[in-house]
Amino acid sequence: MLNSKPLISFIVPTGIGASIGGFAGDASLYAREFTKDFNVIVNPNTVNAACFSGITDNMLYTEGWAFSQFIKGNLNLIPSTNNKIGIIFDKGISQGILNVHLNTMNAVKTVYGADITAYEITEEPVNIKFFNTSSGISSGSLINNKTLVKAGKQLLLKGVDVIAVVCKFDEPPEDDYKNGTGVDIVGGIEAVISHFLTRELNVPVVHSPAFEDISITKELVSAKAAAEYITPTFLPCLLIALKNAPLFSLKKVEHYISRENLKALIMPYNSLGASIVLDAVKNGIKVFAVKENSTVLKITKDIIKKNDIIETDTYKTCHKILKEMLYEKI
């Protein structure tokens, strides 16, 4: 539940090799520190951690496309609790793997009291492709997007407020991700799926992949990636966070949160080319670029020529500056 503290945003974009937040919930502890003094908008990538979630009561779990529209002033966020959750499952998922996810769904209902109202299986396989681009960014293609939209609309007719999506993914190639370096090769297309469906359905939609090989590794991996190597499904973090995710409104309804409430945007040091950064600067929202979190993008404030962006060495320093800046005005 939100309190009267100032509202800020802590964002780590997906699939850009962020040294903090580029793996499995490894930005959660950093974001949670800010919740001690602020209400915090987070994107799913910041707190999603497979069978775990870094979400807290005063975080607003907001999908990336929706946040970009929020910061443009095109939609408002409505704090919500106990959302009615729907799940879309890709028809391409085998029955055995689907059963694992249905067991996961029921476990989250039992343990967390999540109101999972309904699920739909797409009429056709979705067919996902993923790869890293020549610049090192995670990307991919969504071949059959219409079958996802149709399943999503069927869930909306059943009264759901928010949607989790699980699509079949081929096994990713061996890389250094498990060692805590490199780029999450599936992250980019996951973001594409979430952005696309959130835009089409106008409700919060977040994605997790389903792999046919669900064996648990017996080798030690990096702590930053460990959450994804100890579970056969990444669905729990979506359901846990969607339970109390804010809803959207184009109008100024009761208890709405608008762009005017947002005091600051915190980003990795060299990932400043996104529209959310430019829109924040344009609308007088303080932007912080944190040097301890670097990405493959290498887009700094000097590149975009926005000298009013505040660079800090660490998230701890950023927190201190923000606290001094915002609380002296209260």
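For the numbers below, each heavy atom of this structure counts, side chains included, while hydrogens, waters and symmetry mates do not. Nothing fancy with the numbering, it's 1 onward along the sequence. Note that the coordinates shown come from a computational prediction; the quantities given were computed from them, not determined experimentally.
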Only counting residues at least two apart or in another chain, list the ones meeting salt bridge (charged side-chain N to carboxylate O under 4.0 Å, His left out) with E228. none

Please find out if less than 6.0 Å separates the ring center of F38 from that of F10. no

Sorted by chain and number, sequence neighbours left out, salt bridge (charged side-chain N to carboxylate O under 4.0 Å, His left out) with D302 holds for none

Does atom CZ of F130 have more than 12 heavy-atom neighbours from other groups under 6.0 Å away? yes

Mind listing the closest non-hydrogen atom pair of P172 and I185 along with its distance? CB-CG2, 3.8 Å

Where at least one partner belongs to residues 101-112, residue pairs that pass side-chain hydrogen bond (donor to acceptor under 3.5 Å, both in side chains), sequence neighbours excluded: H101-T233

Do the side chains of V40 and I8 get nearer than 4.5 Å, heavy atoms only? yes

Could I get the full list of side chain to side chain donor-acceptor pair (under 3.5 Å) partners for E33, not counting sequence neighbours? K36

Just jot down the salt bridge (charged side-chain N to carboxylate O under 4.0 Å, His left out) partners of D161, sequence neighbours excluded, or say none. none

Any link between Y327 and I321 through a network of hydrophobic side chains (Ile, Leu, Val, Met, Phe, Trp, Tyr) touching at under 4.5 Å? yes

Which heavy atom of V42 sits nearest a heavy atom of A31, and at what distance? CG1-CB, 4.4 Å

Under 4.0 Å between a side-chain nitrogen and a carboxylate oxygen: does that hold for D90 and K168? no

Is there a side-chain contact between P246 and I78 in this structure, where contact means two heavy atoms from C-beta onward sitting under 4.5 Å apart? no

By salt bridge (charged side-chain N to carboxylate O under 4.0 Å, His left out), E174 pairs with (sequence neighbours left out) K178

Considering non-hydrogen atoms only, spot the tightest contact between V281 and K306 and give its length. CG1-CD, 4.1 Å

